[in-house]
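Step one of this worksheet: look at the structure below.
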Amino acid sequence: MAILPMKHIEIIAMQEDAQKIVEQLQRLGTVDVTERDPSDVTDDLSLFPTAKSLAQLEKNAQTVAHAISLVEDYSTEKKPFLSGFAGRKELSEEEFNQRMGKNDETMKIVYDIEALDRKIASETTVRTHTQHQLDAVLPWEKLDIPMQYTGSQKTSCIVGQFSEPYNEDTFYEAFCAQYSSMKESEAALKGGSLKTEELVIPPLYTEVVYSAGDQTCMCIMTHKKDYEDVMATLRRMSFISPSDPTKHPPEVRITRLKNRIQEATDTIAASREKLSEYTKYLDDMYFLSDYLITRQEKYKMLGQLLFSKKTFILDGFVAAEDLEKVEKRLTSKFDLVFESRDPLPDEEVPAKFKNGPFVSPVEDIVESYSAPAKGDIDPNPVMAFFYYFFFGMMLSDAGYGILLCLGTLFVLKKRKPEGNAKKNMMKFFYCGLATIFWGIMYGSFFGDLVGAVSEGFFDGSRWLPPLWFDPSDDPMKLLILSFILGFIHICLGLSANMYKSWKNGEKGDAICDSGFWILTFAGLAVFLFPMVAPMMAPVEIINSELIANIGKYIAIAGVAGLILTGGRKAKGIGKVIGGVGKIYGVTGYFSDLLSYSRLMALGLVTGIIGSVANMIGTLFGTGVVKLLIFIPVFLFFHAINLGISALGAYVHVNRLQYVEFFAKFYEGGGTMFHPFTGNTKHFKIKEDN
């Protein structure tokens with residue numbers, strides 16, 4: 001197939017039908033509506049104000065999505081394996097309308113879920129804050145007086161903590177030392193010295209309430225007359241008063257804080273239990289989420305329409321094959337003007353691919369690179385075969401190919417994906433088939449599994465012979481094969497460029513810029529054939545010298561054509577220089593050809609690593625012990641090898657298309673066809689054909 005021809009459509013209808021017409025287009029999903037430029041707005045035509053509605057819809061959609069994630073997190077129901085690949089559930093229009101009537105009720109449930117979440121968040125904050133308070137007061141648990149207690153009529157009570165580990169004895173020694181130092185400093189300031197008999201340590205009563213690490217909590221009592229000296233000494237010892245002393249014995253506050261923490265914990269647990277009960281409403285919330293998504297898309301589209309006092313204008317592009325269906329659907333339901341035309345020469349037209357089941361899975365590869373520009377051909381049909389072929393050549397293990405095929409078939413059958421997910425599954429299924437093919441050609445089945453098991457557990461008489469050759473025994477043959485396939489791939493790209501130029505009416509460019517290169521390379525291929533063919537297969541070449549001479553003259557003819565026509569668009573001496581310069585382009589092709597050596601490198605490494613894994617698995621033990629060692633080693637190493645090799649094959653096969661192949665004929669830089677539709681996740685309306 002190819003890039004579908006497009007038609008430009010313009011619809012003029014009554015303003016009161018705008019929402020219904022937009023809904024119909026959304027249901028059809030076949031029209032790429034043109035975004036309006038601000039310059040289109042005039043005194044008579046204006047854009048529909050949708051910002052306020054969109055903001056509310058987005059807020060509601062985020063609320064519903066958050067509620068869904070909450071219920072899913074607290075749900076004990078397990079999702080089916082690979083549920084992320086599952087397709088959407090189909091609903092008839094009648095079922096859709098019935099479920100839409102429950103949206104208000106579902107939204108109330110969503111608000112209840114949000115309220116529970118806020119309660120959980122609030123109680124979690126309270127619990128965390130209370131726990132911090134509890135941690136601060138817990139060291140004082142054994143104190144049997146209030147922390148705010150300051151003493152009696154004749155005594156002073158000091159409650160606080162130190163950043164040093166003390167007991168009563170070590171504290172008293174440190175206190176005496178600091179007290180003596182303080183008094184000596186005071187005497188020195190007065191110009192004298194302190195005599196030993198004049199130093200009197202104030203009497204203290206001390207109790208260590210808690211001591212651990214670098215923290216000591218103490219209660220100290222002394223006479224009121226000594227309070228100032230004692231406090232001054234304690235400050236020299238880095239004394240810290242409690243930031244939030246209790247009015248009661250600390251045990252009272254500790255009990256209260258523990259009760260509050262338990263209360264918060266119970267409230268959180270009850271709220272989570274309640275959230276888990278909302279799993280029965282998940283399906284309704286999924287529907288509401290999809291409904292809000294379609295509403296958002298609808299209002300975004302309404303914001304792109306031009307409105308007069310009584311009418312509105314909508315224009316866009318539709319594939320020519322869908323034009324009749326769109327026109328029939330709209331004109332049968334509404335009074336409107338529907339006009340269509342071919343795109344204008346300077347109009348940017350979106351590209352839409354239509355290919356068969358073998359080619360369509362690789363369309364996303366082209367879309368990831370760049371959309372086709374005007375005049376480009378669809379690269380998918382010319383790329384698809386080599387994409388799968390090269391991927392299989394790089395992964396190159398029949399066992400891995402079987403796993404790829406079985407895995408993708410399982411997803412396709414059980415989960416029934418759609419859209420790009422389905423295309424990706426089909427793409428890797430075909431890649432798996434190509435991998436099986438090359439694995440058989442190379443004799444690789446999980447490396448050399450058959451031979452390794454035969455040699456490690458039996459008499460070593462069983463091996464899986466390659467249908468063609470073993471790359472590890474003849475890597476040079478694999479390298480030559482890679483270059484041959486790369487050569488064919490490059491020539492295919494040049495042929496595609498020739499076809500594109502011819503199709504666009506540039507027949508001279510088709511012959512001169514591509515045709516002569518193809519002729520040159522064809523001559524080189526014929527010239528090298530007698531030398532290369534015997535290296536690839538046991539064949540006898542008859543009249544090899546004649547074949548080589550024919551190839552030589554064909555190549556010379558191609559080079560002559562390039563020299564004579566390479567400077568055809570230049571003037572004067574530029575015509576000669578241009579022709580010679582054209583020949584210099586062969587260095588670029590040679591560089592591209594070398595890139596295909598990655599087909600050899602990755603294909604060789606995959607098999608070697610697989611064989612090494614099998615060898616390691618059969619090195620240790622005997623009998624049952626050897627089997628018990630072999631199985632986990634086999635599973636682990638081959639899982640790693642499959643993952644890394646498949647990723648490498650995917651990356652490098654894409655590179656071969658993007659750099660070496662597309663550069664020969666594909667310009668890109670266009671825009672893809674993006675139909676206006678409902679991008680829902682869970683449900684879709686079943687269309688009546």
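Residues: numbered from 1 along the sequence shown.
Using a distance-only test at 3.5 Å, with no hydrogens or angles considered, no donor-acceptor pair links the side chain of Asp459 to the main chain of Glu455. Not a single donor-acceptor pair under 3.5 Å links the side chain of Ser591 to the backbone N or O of Thr587. Within the 3.5 Å criterion, the main-chain N or O of Gly669 finds a donor-acceptor partner in the side chain of Ser370. Using a distance-only test at 3.5 Å, with no hydrogens or angles considered, no donor-acceptor pair links the side chain of Ser645 to the main chain of Leu642. Side chain of Asp397 to backbone of Gly447: a donor-acceptor contact under 3.5 angstrom is found. A side-chain donor-acceptor contact under 3.5 Å links Ser454 to the backbone of Arg462. The closest donor-acceptor contact from the side chain of Asn641 to the backbone of Thr606 lies under 3.5 Å. A donor-acceptor contact shorter than 3.5 Å links the side chain of Asn504 to the backbone of Lys500.
Exactly one residue among Phe429, Phe428, Tyr650, Tyr430 makes a ring pair (Phe, Tyr, Trp, His ring centres under 6.0 Å) with Tyr388. That residue is Tyr430. Checked options Phe389, Phe665, Phe390; the residue passing with His489 is Phe390 (criterion: ring pair (Phe, Tyr, Trp, His ring centres under 6.0 Å)).
The OH atom of Tyr596 lies 11.5 Å from the CE atom of Met393; values are rounded to the nearest 0.5 Å. Summarising the geometry, atom CD1 belonging to Ile480 is positioned 6.5 Å from atom CE belonging to Met476; distances are rounded to the nearest 0.5 Å. Between the OG1 atom of Thr671 and the CD atom of Glu348 there is a distance of 4.0 Å, given to the nearest 0.5 Å. Here CG of Leu656 is found 9.5 Å from CD1 of Ile490. Values are rounded to the nearest 0.5 Å. Here the CZ atom belonging to Phe620 is positioned 13.5 Å from the CZ atom belonging to Phe630, to the nearest 0.5 angstrom. To the nearest 0.5 Å, the span separating CG on Leu409 from CE on Met425 amounts to 10.5 Å.
Scanning for side-chain contact (heavy atoms from CB on, under 4.5 Å) contacts around Thr34 gives Asp315, Phe317, with sequence neighbours left out. Here Ala320 pairs with Pro5, Lys7 under the side-chain contact (heavy atoms from CB on, under 4.5 Å) rule; sequence neighbours left out. Under the ring pair (Phe, Tyr, Trp, His ring centres under 6.0 Å) criterion, Tyr400 pairs with Phe446, His638, not counting sequence neighbours. The side chain to side chain donor-acceptor pair (under 3.5 Å) search around Tyr442 returns none, not counting sequence neighbours.
Of the N and O atoms on the side chains of Asn420 and Asp364, not one donor lies less than 3.5 Å from an acceptor on the other residue. At a cut-off of 3.5 Å, with distance as the only test, a side-chain donor of Glu660 or Ser595 sits close to an acceptor on the other residue. Side-chain contact check for Asn654 and Tyr387: at least one donor-acceptor pair (N or O, by modelled atom type) lies under 3.5 Å. Ser514 and Asn497 share a side-chain donor-acceptor pair at under 3.5 Å. Side-chain contact of His652 with Arg598: a donor-acceptor pair under 3.5 Å is present, judged by distance alone.
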Show every donor-acceptor pair shorter than 3.5 Å between a side-chain atom in residues 556-568 and any protein atom, with sequence neighbours excluded, or say none if there are none.
| residue | atom | partner | partner atom | Å |
| --- | --- | --- | --- | --- |
| Thr565 | OG1 | Gly561 | O | 2.6 |
| Arg568 | NH1 | Asp513 | OD1 | 3.3 |
| Arg568 | NH1 | Thr565 | O | 2.9 |
| Arg568 | NH2 | Asp509 | OD1 | 2.6 |
| Arg568 | NH2 | Asp513 | OD1 | 3.2 |
| Arg568 | NH2 | Asp513 | OD2 | 3.2 |

Enumerate, atom names and distances included, each donor-acceptor pair closer than 3.5 Å involving a side-chain atom of residues 535-555, sequence neighbours excluded.
| residue | atom | partner | partner atom | Å |
| --- | --- | --- | --- | --- |
| Asn549 | ND2 | Glu545 | O | 3.2 |

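Counted within 6.0 Å of NZ on Lys423, heavy atoms from surrounding residues, nucleotides or ligands total more than 12; the atom is thus considered enclosed. Heavy atoms of other residues, nucleotides or ligands lying less than 6.0 angstrom from CZ of Phe358 number more than 12. Within a 6.0 Å radius of CZ in Phe437, other residues, nucleotides and ligands contribute more than 12 heavy atoms. Dense packing is recorded around CD of Glu418, with more than 12 heavy atoms of other residues, nucleotides or ligands lying under 6.0 Å away.
In this structure, Cys431 and Leu395 have side chains that are not in contact, with every pair of non-hydrogen atoms separated by 4.5 Å or more. Inter-residue side-chain proximity for Leu479 and Ser597 is flagged as met; some heavy-atom pair is nearer than 4.5 Å. In this structure, Phe661 and Val382 have side chains that are in contact, with non-hydrogen atoms separated by less than 4.5 Å. By the 4.5 Å heavy-atom criterion applied to side chains, Tyr666 and Pro372 are counted as neighbours. Residues Tyr499 and Ser501 are not in side-chain contact: their nearest non-hydrogen atoms beyond the backbone lie 4.5 Å or more apart. In this structure, the side chains of Lys664 and Leu492 stay at 4.5 Å or more apart for every pair of heavy atoms.
Look at Glu347 and Lys374 and you find no salt bridge, because none of the NZ, NE, NH1 or NH2 atoms lies under 4.0 Å from a carboxylate O. Lys354 and Glu321 are joined by a salt bridge, as a carboxylate oxygen and a charged side-chain nitrogen come within less than 4.0 angstrom of each other. Ion pair Asp32/Lys352 not flagged as a salt bridge, since none of the NZ, NE, NH1 or NH2 atoms sits closer than 4.0 Å to an Asp/Glu carboxylate oxygen.
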| message | Under the criterion side chain to side chain contact (heavy atoms under 4.5 Å, CB included), I'd like the reasoning laid out for Asp474 against Leu478: C-alpha separation, chi angles, the key distance, then a yes or no. | response | CA-CA 7 Å; Asp474 197 351; Leu478 180 57; over 6 Å; no
| From CA spacing to verdict: side chain to side chain contact (heavy atoms under 4.5 Å, CB included), Thr677, Asn679 | CA-CA 6 Å; Thr677 185; Asn679 297 311; 3.7 Å; yes
| field | side chain to side chain contact (heavy atoms under 4.5 Å, CB included) between Ile440 and Trp468, intermediate numbers included | value | CA-CA 8 Å; Ile440 294 172; Trp468 189 2; over 6 Å; no
| task | Apply side chain to side chain contact (heavy atoms under 4.5 Å, CB included) to the pair Thr408 and Met426, showing each step before the final yes or no. | result | CA-CA 7 Å; Thr408 52; Met426 290 303 302; over 6 Å; no
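Between Phe662 and Tyr658, the angle of the ring planes lies from 30° to 60°, which puts this pair in the tilted group. The aromatic rings of Phe487 and Phe521 lie perpendicular to each other, with more than 60° between the two planes, well past the 30° mark.
In terms of heavy-atom proximity, Val359 sits nearest to Pro381 at CG1-N, 3.6 Å. A pairwise comparison of heavy atoms in Ser482 and Leu599 identifies OG-CB, 3.5 Å as the closest pair. Shown here for Ile377 and Lys503, the closest heavy-atom pair between the two residues is CG2-CD, 4.4 Å. Nearest heavy-atom pair across Ile9 and Leu323 is CG2-CD1, 3.6 Å. Of all heavy-atom pairs spanning Gly432 and Cys405, the tightest one is C-SG, 3.5 Å. Among all heavy-atom pairs drawn from Ala649 and Met394, the shortest one is O-CE, 3.7 Å.
The side-chain tip of Lys89 does not point at the ring of Phe683 from less than 6.0 angstrom away and within 45° of straight on.
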